[in-house]
Peer 1: 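Let me begin by handing over the structure; questions about it come next.
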Amino acid sequence: MNRIEIIQGDITKQAVDAIVNAANCSLLGGGGVDGAIHRAAGPELLAECRTLHGCETGKAKITGGYLLPAKHVIHTPGPVWHGGGYGEEELLRSCYVSCLELAAENGCRTVDFPSISTGIYRFPLEKASRIAIAAIAEELKKHPELERVRMVCFDERTKACYDRALAESGAQG
Ligand code: AR6
């Protein structure tokens with residue numbers, strides 16, 4: 001069975017066990033998907049985030065979903081792209097791994113990701129899509145309890161890129 005899926009849509013609308021937030025290290029909100037998640041979840045999400053005291057790039061922390069249809073939000077600060085010589089690729093891989101480890105620890109079976117770091121943080125999309133698919137495929141092998149992981153792409157170009165990365169990886173979960 002194929003446990004990795006790519007869809008186009010708005011991650012704030014997904015009724016899954018956990019959605020991932022492409023956050024920043026403060027975990028106190030921002031623009032892009034982070035802003036959309038906080039707006040849809042309501043102020044209680046920010047109140048819980050304040051108790052977490054931030055998060056390092058490449059790591060992840062979990063909260064409730066509050067007014068979202070998702071049960072949990074897993075917050076992960078992706079790397080800012082500075083040209084590739086600052087460990088950006090490994091940090092991005094670490095975001096996907098950390099989120100799925102945390103999801104599994106918390107009994108989440110369905111997890112939706114946005115395209116981490118490819119917006120405001122400017123990580124090249126094609127490179128990011130290959131890293132994401134490889135990391136997800138690897139984690140799914142380790143965690144049979146994870147039923148389905150989706151990339152929820154906001155626009156057509158992003159979806160096409162992840163579709164290609166999945167096809168080329170040969171990974172079908
Ligand atoms: N659903 C799914 N994907 C979305 C949505 C949505 N509702 N909205 C945007 N995207 P970005 P980053 C896509 O910039 O590059 C924030 O200020 C978007 O089209 O949200 O990791 C944080 O606080 C793009 O494909 O995240 C950080 O400071 C992808 O989500 C910083 O931005 C990621 O774009 C993080 O930057």
Side-chain angles (χ1 to χ4, degrees), residues 4-43 45-50 52-63 65-84 86-100 102-103 110-133 135-136 148-166:
I4 306 179
E5 289 176 19
I6 318 289
I7 63 164
Q8 192 176 340
D10 179 346
I11 203 164
T12 67
K13 306 271 195 271
Q14 309 305 322
V16 287
D17 291 333
I19 61 167
V20 171
N21 181 15
N24 59 62
C25 292
S26 78
L27 299 186
L28 299 179
V33 70
D34 193 3
I37 288 172
H38 275 275
R39 275 193 300 279
L45 177 61
L46 182 59
E48 185 176 359
C49 283
R50 284 192 203 286
L52 301 177
H53 306 294
C55 184
E56 282 172 50
T57 302
K59 303 273 168 55
K61 292 193 177 176
I62 191 165
T63 65
Y66 299 96
L67 301 177
L68 291 164
K71 289 189 201 127
H72 299 91
V73 180
I74 298 177
H75 307 261
T76 186
V80 179
W81 181 258
H82 288 297
Y86 296 85
E88 294 97 324
E89 297 191 27
E90 182 49 35
L91 286 167
L92 185 64
R93 199 189 79 83
S94 172
C95 286
Y96 286 92
V97 171
S98 302
C99 287
L100 290 175
L102 196 53
T110 52
V111 182
D112 282 4
F113 282 93
S115 176
I116 299 167
S117 281
T118 67
I120 294 166
Y121 282 177
R122 306 182 313 272
F123 202 108
L125 180 58
E126 222 176 281
K127 214 185 267 297
S129 65
R130 282 193 234 111
I131 292 167
I133 297 296
I136 292 168
R148 187 193 68 194
V149 176
R150 296 191 302 195
M151 291 300 310
V152 179
C153 304
F154 209 39
D155 57 84
E156 224 167 279
R157 173 174 166 255
T158 303
K159 180 177 184 295
C161 204
Y162 281 87
D163 277 336
R164 227 173 10 251
L166 179 59

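Indexing begins at 1, ligand by ligand and atom by atom, following the structure's order.
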Peer 1: Between Phe154, Phe113, Trp81, which one has a non-hydrogen atom sitting closest to atom 13 (C) of ligand 1?
Peer 2: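 Nearest option to atom 13 (C) of ligand 1, by heavy atoms: Phe154.
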Peer 1: Going by heavy atoms in the side chains, are Thr110 and Gln14 under 4.5 Å from each other?
Peer 2: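 Counting from C-beta outward, Thr110 and Gln14 never come under 4.5 Å.
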Peer 1: Which heavy-atom pair separates Tyr66 from Ala41 by the least distance, and what is that distance?
Peer 2: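 Of all heavy-atom pairs spanning Tyr66 and Ala41, the closest is CB-O, 3.4 Å.
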Peer 1: Is there side-chain contact between Pro79 and Tyr86, with heavy atoms separated by less than 4.5 Å?
Peer 2: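 Contact flag for Pro79/Tyr86 side chains = no.
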Peer 1: Which protein heavy atom lies closest to atom 16 (C) of ligand 1, and at what distance to 0.1 Å?
Peer 2: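 For this ligand atom, the closest protein heavy atom is Gly31 O, 3.4 Å.
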Peer 1: A side-chain contact here means heavy atoms from C-beta on lying under 4.5 Å apart; do Phe154 and Pro114 qualify?
Peer 2: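 Of all side-chain heavy-atom pairs linking Pro114 with Phe154, none is under 4.5 Å.
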Peer 1: List in chain and number order the residues that pass side chain to side chain contact (heavy atoms under 4.5 Å, CB included) with Lys159, two or more places apart in sequence or in another chain; answer none if no residue qualifies.
Peer 2: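 Ile6, Gln8, Cys153, Asp163.
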Peer 1: Decide whether an N or O pair under 3.5 Å exists between Asn24 and ligand 1.
Peer 2: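 Such a contact does occur with ligand 1.
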Peer 1: Can you pull out the closest protein heavy atom to atom 7 (N) of ligand 1? Residue, atom name and distance to 0.1 Å, please.
Peer 2: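 Its nearest protein heavy-atom neighbour is Asp10 OD1, 2.9 Å.
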Peer 1: For atom 14 (O) of ligand 1, what's the nearest protein heavy-atom neighbour? Residue, atom name and distance, please.
Peer 2: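 Closest protein heavy atom to atom 14 (O) of ligand 1: Ile120 N, 2.8 Å.
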Peer 1: Quick test: of every protein heavy atom, which one is nearest to atom 1 (N) of ligand 1, and how far off is it to 0.1 Å?
Peer 2: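 Scanning the protein heavy atoms, the shortest distance from atom 1 (N) of ligand 1 goes to Ile11 N, 3.0 Å.
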Peer 1: Thr158 versus ligand 1: do any nitrogen or oxygen atoms come within less than 3.5 Å of each other?
Peer 2: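 So ligand 1 has no N or O lying under 3.5 Å from an N or O of Thr158.
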Peer 1: With a cut-off of 4.0 Å, which atoms of ligand 1 are near a heavy atom of Gly32?
Peer 2: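 Those of ligand 1 that fall under 4.0 Å from Gly32 are 20 (O).
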Peer 1: I need the nearest protein heavy-atom contact for atom 26 (O) of ligand 1: residue, atom name and distance, please.
Peer 2: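 The protein heavy atom lying closest is Ala22 CB, 3.8 Å.
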Peer 1: Heavy atoms only: which of Ser115, Gly9, Gly119 is nearest to atom 29 (C) of ligand 1?
Peer 2: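 The nearest heavy atom belongs to Ser115.
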Peer 1: Val33 to ligand 1: N or O pair under 3.5 Å?
Peer 2: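 N/O-N/O distance under 3.5 Å: yes.
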Peer 1: Considering heavy atoms of the protein only, find what lies nearest to atom 22 (C) of ligand 1 and give residue, atom and distance to 0.1 Å.
Peer 2: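 Among all protein heavy atoms, the one nearest atom 22 (C) of ligand 1 is Asp34 OD2, 3.5 Å.
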Peer 1: Using a cut-off of 6.0 Å, state whether more than 12 heavy atoms not belonging to Glu90 lie near its atom CD.
Peer 2: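 Yes.
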Peer 1: Quick check: do Leu166 and Met151 have side-chain heavy atoms less than 4.5 Å from each other?
Peer 2: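 No, every pair of side-chain atoms sits at 4.5 Å or beyond.
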Peer 1: Examine ligand 1 and decide if any of its atoms is less than 4.0 Å from a heavy atom belonging to Ala23.
Peer 2: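 Ala23: in contact with ligand 1 (<4.0 Å).
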Peer 1: Identify, for atom 21 (O) of ligand 1, the protein heavy atom at the shortest distance, and state residue, atom and that distance.
Peer 2: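 The closest heavy atom on the protein side is Ser117 N, 2.8 Å.
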Peer 1: Less than 4.5 Å apart, side chain to side chain, heavy atoms only: is that true for Val73 and His38?
Peer 2: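 Answer no - side chains too far apart.
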Peer 1: Taking only residues two or more places apart in sequence, or in another chain, which ones meet Ser129 in a side chain to side chain contact (heavy atoms under 4.5 Å, CB included)?
Peer 2: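 Result, side chain to side chain contact (heavy atoms under 4.5 Å, CB included) vs Ser129: Cys161, Tyr162, Ala165.
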Peer 1: Are the side chains of Asn21 and Val33 in touch, meaning some heavy atoms are under 4.5 Å apart?
Peer 2: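 Yes - at least one pair of side-chain heavy atoms lies under 4.5 Å apart.
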Peer 1: With nothing but distance in play, are any N or O atoms of Ile116 less than 3.5 Å from an N or O of ligand 1?
Peer 2: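 No, since none of the N or O atoms of Ile116 sits under 3.5 Å from an N or O of ligand 1.
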Peer 1: Quick one: look up the protein heavy atom nearest atom 36 (O) of ligand 1 and list residue, atom name and how far away it is.
Peer 2: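 Here the nearest protein heavy atom works out to Tyr121 CG, 3.4 Å.
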